[in-house]
Amino acid sequence: MSKHELNPEQEIAATHVEGPLLVLAGAGSGKTRVVTHRIVRLIDLGVLPSDILAVTFTNKAAEEMRSRIRAMKNAQVLACTFHSLGARILRESIGLLGYKPDFAIYDEEDSEKLLKKCLEQLQLNGDKGLLKELRGQISKAKNNGQSPDGVADRQLAQVYGIYQQALQDCNAVDFDDLLYLTVKLLQESEEARYLYQHRWNFVLIDEYQDTNHTQYTLAKILVAKHGNIFAVGDPDQSIYSWRGARYENILNFERDFPGAKVVILDQNYRSTNNILQASNALITHNPNRYEKKLWSASGDGEKIGLFIAQSERQEAEFVAHRIIKLSCDDHLSLNDVAIFYRTNAQSRTFEDALLSRRIDYKIIGGVSFYARREIKDILAYLRLLISDTDLISFLRTINIPRRGMGPSALEKIVDGAQAKKMPILTFCQEYGDSLKLNTKQQSGLSGYLRAINTLRNKLSSLKLHELITEVISETHYLDYLKEDPETEQDRKENIDELVGKAAEWEEEKEEPSLQTFLEELTLRSNAEEKVDLPTVKLMTLHNSKGLEFTAVFFGGLEEDLCPHINSKDDEDAIEEERRLCYVGITRARKYLYLTASTFRFMWGTLRAMRPSRFLKEIPSQFLQNLSPGSMTKTIRREEPEEFSDEVQEGFSSGDRVYHQQFGSGTVEKAYSSSFGLTYDVYFPQARTTRTLAAKFAKLTAE
DNA sequence: ACCAGGCTTCTTTTT
DNA sequence: GAAGCCTGGT
């Protein structure tokens, strides 16, 4: 097939105009092309670009779609995530729900702090686990469209209600509210419903299998008047149930939208047959599944490399070594190579191996730039320039830099404001002098308020990046950073970067405002990448969705890691882990390497690991075993110290031993591993058995 | 109010 | 093995 033609099924989908259509698009089946072609054709038919709404799952996908359409048609359609769509609607119409339109958006950290305050108020703060538990349950309720009155559990209903009121008092919404309140608004206000049901006549929803109930309701309301919904997805790639996603939504599409057409795209244009068939074999192990088999017209290609290492380091060394080989022998650019893993914590070992070989790499996702403490400090000050009510930003900044404000002083302020039912900053301004604070606190508070006022006066006259510079100087933030010389340099650089990004951002935007800037930063987990050096991309499996690479390394394929230990004993969760693994594998075009290690450091101790069940579910005909054990002995000899089974004097089963960290224990098993003499020791105090290598763990007889 | 040091718990995954 | 929480000393 030529690059510019579509196959018959793709053609049907791309030329669809009115009515509901579901595209079941298997991995690598040319989904993105179909979607962009269809939008371009709509525009060719005379549909106004402003009539089209495309909702994607990530910012990255939205950007990609925008730029493709711009390239083909020079037209601007609204392509955004569900969350930013919600933010957009709420900015216009949240007044109907009693919030002010300049509401702040709280990220997870902010909302957790607020919830913690609520729990303190209810004197429920004793239990540490409770906060996490309730946070999860409130989020779940919102994603299921339940109001505080609508949840069955009495305690949850109470806390949820108080939390929701606290958010409103701060004039803030959390991530889930962006969806939940939008739906609430559309359900309760006929005016709003009319407005948004007529705003977009063609609605496209990507990754439909990952919509949660609230997103699904939102989609249904938006298209209720015209039924022009174009949904794209693949039930086998549903990997966000932990965030409330229901892949049933995609299976129920025909029921929910009567008269819907369904197009199945099952020809894969991405991967070689070895990779594709391996992925088919794997996903077939999911019993509850809408049957679908991808096929490909391309050749078998290379077999999938399998490497079972003896240590994390060896696993990473193998990957780094292979990357060099691929780039030399096959002239692959580093941009064509990716390393996937289940948990963020795994990235470190790979980084070390790449660093030591001077292979450039970039981590996609991971700890967000905007989540760094120093960045959030500055952003909190910026928020307070817009809002008097933002309690969380106030609490964050009031003692940064130090103004002698400890818990007791803050209690006075917060309680006072609450008693007077005043916004926190207004209260400080009007009653700050009558709070019986000591002199240091008194002058600290007035200095703080003065700084905010000074900055507010400059709000309209300064450019955004200048304003940020002013915040830094007005608050003497750099002096504060000096208190910790260890981190000072890093944090300073990050702040410079923030100023730079702000300057860049306001150049690009037609109407740059502080509010939109803050909103975009909150809804954008990681900064967009600048195009520079070719780099190997490191990311979690979740982050890999929607991407493709010529060569993929998939690490840590071990039981309890992938599938993750938290999915144990839950068949649905195991199926989702399998889909996650499927997503990872189907990202690869030509080369795929699956790696695992028999030992791994977890939670600070060495643990023996077993190969993932998923490896066994891939028929061996597609695999080539490259593991040290199955290779020639020359390679084995490269690392003699790690593989020697030298006899040591040691303990045997039943011996009582003492470990500096874990205390007293009993040896359950003594055996030889790649680390030499190894023990499984049971520690009664922690009620766990740990695997300890004799040469690392200093065990003494008790 | 602040700090240092010890204790626990923790890890999925993201907007 | 890190980050956050609590505690006790200043």
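Just so it is clear: chains get the letters A, B, ... in the order the sequence lines come, proteins before strands, and each one is counted from 1.
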Could you measure between the two C1' atoms, the one in C:dC6 and the one in B:dT11, and give it in whole Å? 22 Å
Would you classify A:S408 as touching base, sugar-phosphate or nothing, given that sugar-phosphate means primed atoms plus P, OP1 and OP2, and contacts are heavy atoms under 4.0 Å? sugar-phosphate
It should be established whether A:N344 places a side-chain nitrogen or oxygen under 4.0 Å from OP1 or OP2 of nucleotide B:dT13. yes
Which residues pass the ring-ring contact (aromatic ring centres under 6.0 Å, His included) test with A:Y160, sequence neighbours left out? none
Taking the nucleotide of DNA chain B with the closest heavy atom to each, which residue, A:H564 or A:A409, is nearer the 5' end? A:A409
Choosing from B:dT15, B:dC3, B:dT13, which nucleotide comes nearest the side chain of A:F175? B:dT15
All heavy atoms of A:S393 vs all of A:A380, minimum pair found to be CB-O, 3.7 Å
Output the rounded distance in Å from CD (A:Q346) to C1' (C:dA2). 17 Å
Any donor-acceptor N or O pair under 3.5 Å, side chains A:Q137, A:E133: yes
So what does A:E108 touch, heavy atoms closer than 4.0 Å: a base, only the sugar-phosphate, or nothing? base
I'd like to know if A:K568 and A:E577 make a salt bridge, using a cut-off of under 4.0 Å between side-chain N and carboxylate O. no
Within the pair A:N399 and B:dA1, is there a side-chain N or O less than 4.0 Å away from OP1 or OP2? no
Would you compute the distance between atom CG of A:D176 and atom NZ of A:K140 and round it to the nearest 0.5 angstrom? 12.5 Å
C:dG1 phosphate, OP1 or OP2: any side-chain N/O from A:T605 under 4.0 angstrom? no
Would you indicate, yes or no, if B:dT15 has its OP1 or OP2 atom less than 4.0 angstrom from a side-chain nitrogen or oxygen of A:T522? no
A:K142 NZ - B:dT14 P separation (whole Å): 21 Å
Using the six-membered ring of A:F549, assess whether NZ or CZ of A:K537 lies under 6.0 Å from its centre and within 45 degrees of the ring axis. no
Applying a 4.0 Å non-hydrogen cut-off, can you work out what A:D107 is touching in the nucleic acid: base, sugar-phosphate, or nothing? nothing
Distance check: side-chain N/O of A:K116 vs OP1/OP2 of C:dC5, anything under 4.0 Å? yes
Sequence-distant partners of A:D107, salt bridge (charged side-chain N to carboxylate O under 4.0 Å, His left out), two or more places apart: A:K376
Nearest to the side chain of A:H542, heavy atoms from C-beta on, is which of B:dT11, B:dT15, B:dT13? B:dT13
Nearest 0.5 Å, what's the CD1-OH distance between A:I400 and A:Y477? 5.5 Å
Counting just side-chain N and O atoms, does A:R373 come under 4.0 Å of either OP1 or OP2 of C:dG4? no
Examine B:dT14: is either OP1 or OP2 under 4.0 Å from a nitrogen or oxygen in the side chain of A:N543? Give yes or no. yes
Considering every strand and a 4.0 Å limit on heavy-atom distances, what is the contact class for A:F82: base, sugar-phosphate, or nothing? nothing
Roughly how many Å is it from CZ in A:F57 to P in B:dT13, rounded to a whole number? 15 Å
State which of B:dT15, B:dT11, B:dT13 makes the closest approach to the side chain of A:N566. B:dT11
Between C1' on C:dC6 and CD on A:E120, what's the gap in Å once rounded to a whole number? 14 Å
d(CD, A:E411; P, B:dA1) in whole Å: 10 Å
With a centroid cutoff of 5.5 Å and a plane-angle limit of 30°, would you call A:Y240 stacked on B:dT13? no
Hey, can you pull the residues of residues 571-586 of chain A with a non-hydrogen atom under 4.0 angstrom from DNA chain B? none
Given atom CD of A:E109 and atom C1' of C:dG4, what is their separation to the nearest angstrom? 12 Å
Checking B:dA1, B:dT15, B:dT11 against the side chain of A:P407 (C-beta onward), the nearest is B:dA1
Check ion pair A:D479-A:K482 (N to O, under 4.0 angstrom): yes
Taking for each residue the nucleotide of DNA chain B with the nearest heavy atom, is it A:D176 or A:R403 whose nucleotide lies nearer the 5' end? A:R403
Length of the line joining A:L131:CG and C:dC6:P, which is rounded to integer Å: 11 Å
Does the ring of A:W603 lie flat against the base of B:dC10, closer than 5.5 Å centre to centre with planes under 30°? yes
Grab the CZ-C1' distance between A:F601 and C:dA2 for me, whole Å please. 15 Å
